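Below is one structure; the comments refer to it alone.
Here is the naming used below: chain letters follow the sequence lines, and residue numbers restart at 1 for every chain. Values in this document were obtained by computation on a predicted structure and should not be read as measured data.
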There are 2 protein chains.
Amino acid sequence: MTSEIQPSAVGVGRPRSERARLAVLEAAADLLIEGGLKSATIECIADRAGVSKVTIYKWWPNRGAVAIDAYFHRYRQTLDFVDTGDVASDLAAQLRLLIDAFSGRAGEVMAELIGQAQTDPGLAATLGSGWLQPRREATAAVLRHAIDRGQIRPDVDVPTLMDQLYAPLYWRLMMRHAPLTDDFAEMIVRNILDGVRSA
Amino acid sequence: MTSEIQPSAVGVGRPRSERARLAVLEAAADLLIEGGLKSATIECIADRAGVSKVTIYKWWPNRGAVAIDAYFHRYRQTLDFVDTGDVASDLAAQLRLLIDAFSGRAGEVMAELIGQAQTDPGLAATLGSGWLQPRREATAAVLRHAIDRGQIRPDVDVPTLMDQLYAPLYWRLMMRHAPLTDDFAEMIVRNILDGVRSA
DNA sequence: TCATTTAGTGAACGACACGTACATTATCAT
DNA sequence: ATGATAATGTACGTGTCGTTCACTAAATGA
């Protein structure tokens, strides 16, 4: 699911050092948590990992790639969907799970990664394929089931619906204009399912 | 509305050069459009503006501050709300206006600014006070009018509703997982007003 | 007129991180 | 042993940052 480079297939020559690989990911994750993306420089990571800069550049193309690998390495959250059949409570539960995962530094670092992706196409690609896309596919499946069960109108555009469910969460994560609370999750789901129009 | 530093109040001493101030903003805006935030370095801006680096550092604290001032200087879009009394069409019109404003490079640069704000507290503050906050206040007023007119349920949380209207737009602007079309604007408004639940 | 005050200039600097090159050493398969 | 590949340490050139310094330019007021 991530783009973590795996040890090269067994063959001739000295094999890739698993110790070095893990040391890099742990050091990078530590630095991300402690000081954010800005302090997770290649030189700092190399230093803390007890590894040569050159070794890092051999396996990762740039700082962003190391950072996102380190993030996923540490926060291997499953965040799995439960599909109980009640789309309202399932969606709210999933939103609460994500809010919980993004509380604290993990959320701030994710915001920084998304931010950095705006000027780093490689990071944007990894973030899209390793985080956004799989999560969107899982959510789409849940919503299509809900449509099949007759809980959601079949004419609703699923991608738009997903954005109205999840984008508010990321938007608050990044702009900090309002807090990410469980209440927020409930209101998002209620608003979008029942609408806000007066009867 | 922006944090553009104005010429110091009249007094003793050489007055601030309006020529230099404008040259910096124009040069920065040009560079932003041509090559994005990364190419709008202080040295490049100074060079193109025909101005000394020191002059820039005298009036702006860092690159992000210049960039956002330059952005607002060039894209002084009004994006005013029309309040015709029909909240559905007013919101859709406003979303379409924003989508239109964000088509092309202006949208990409805004995404980069938001991204940079994740690691630049000063930029985040300027973006919040100079862009997000005034827009949210205007939107909140429109929504409260709609509540007063009985078009929206009075128990709806206005901040959450605003996020469900606008965050999807910014989210697509930044993640590019789906296009920003006028259709998208219509669906957002329709979904949130009427809900997506089957009858 | 002339001192005072503030703004703008150009050149240079140290710091930092980037990404790369080189020679050397380590560890595997055959 | 030999060949292949990985990891290391050191060093380098580049770019950008933000600052310092001495100097010039343009306004005010006595």
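In this structure, V51(A) reaches the sugar-phosphate backbone alone: every heavy-atom distance under 4.0 Å involves primed, P, OP1 or OP2 atoms, never a base. Using a 4.0 Å heavy-atom cutoff across all strands shown, S17(B) reaches sugar-phosphate atoms only and no base atom.
In the interface, the side chain of R14(B) is paired with the base of dA7(C) through a donor and an acceptor atom under 3.5 Å apart. For K53(B) against dG10(C), no side-chain N or O and base N or O form a donor-acceptor pair under 3.5 Å.
For the pair E18(A) CD and dT5(D) C1', the computed distance is 17 Å after rounding to whole Å. Computed from coordinates, the D47(A) CG to dT8(D) P distance equals 12 Å when rounded to whole Å. Taking atom CZ of R21(B) as the reference point, atom P of dT6(C) lies 21 Å away to the nearest angstrom. Atom CD1 in I45(B) sits about 11 Å away from atom P in dG18(D), given to the nearest Å. Nucleotide dT20(D) holds its P atom 12 Å from the NZ atom of K58(B), rounded to whole Å. Rounded to an integer number of Å, the gap from CG of L37(A) to P of dA17(C) is 13 Å. Put simply, CD1 on I56(B) is 9 Å from P on dT9(C), counting in whole angstrom units. In this entry the distance linking CZ of R19(B) with C1' of dA7(C) reads 12 Å, nearest Å.
Here dA6(D) is the nucleotide among dA7(C), dC18(C), dA6(D) with the atom lying nearest to any side-chain atom of R16(A). For Y57(B), taking side-chain heavy atoms from C-beta onward, the closest of the listed nucleotides dC18(C), dT19(D), dT20(C) is dT19(D). Nearest to the side chain of V54(B), among dA11(C), dT8(D), dG8(C), sits dA11(C). Set against dT5(D), dT27(C), dG8(C), the side chain of P15(A) has dT27(C) as its closest nucleotide. Candidate nucleotides dG18(D), dG8(C), dA7(D) were compared by shortest atom distance to the side chain of N62(B), and dG18(D) ranks first.
Note on ring orientation: taking the six-membered ring where Trp is involved, the planes of F102(A) and Y170(A) are perpendicular (angle over 60°, cut-offs 30° and 60°).
Between W59(A) and the phosphate of dA6(D), there is no side-chain N or O to OP1/OP2 separation shorter than 4.0 Å.
Note on L95(B): it clusters hydrophobically with M110(B), by side-chain heavy-atom contacts below 4.5 Å among ILVMFWY residues. The same ILVMFWY cluster, assembled from side-chain heavy atoms under 4.5 Å apart, contains both L127(B) and L173(A).
Taking for each of E43(B) and R63(A) the nucleotide of DNA chain C with the nearest heavy atom, the 5'-most of the two is the partner of E43(B).
With W60(A) as the aromatic partner, R16(A) meets the cation-pi criteria of under 6.0 angstrom to the ring centre and within 45 degrees of the ring axis.
A side-chain N or O of S89(B) and one of D86(B) form a donor-acceptor pair less than 3.5 Å apart.
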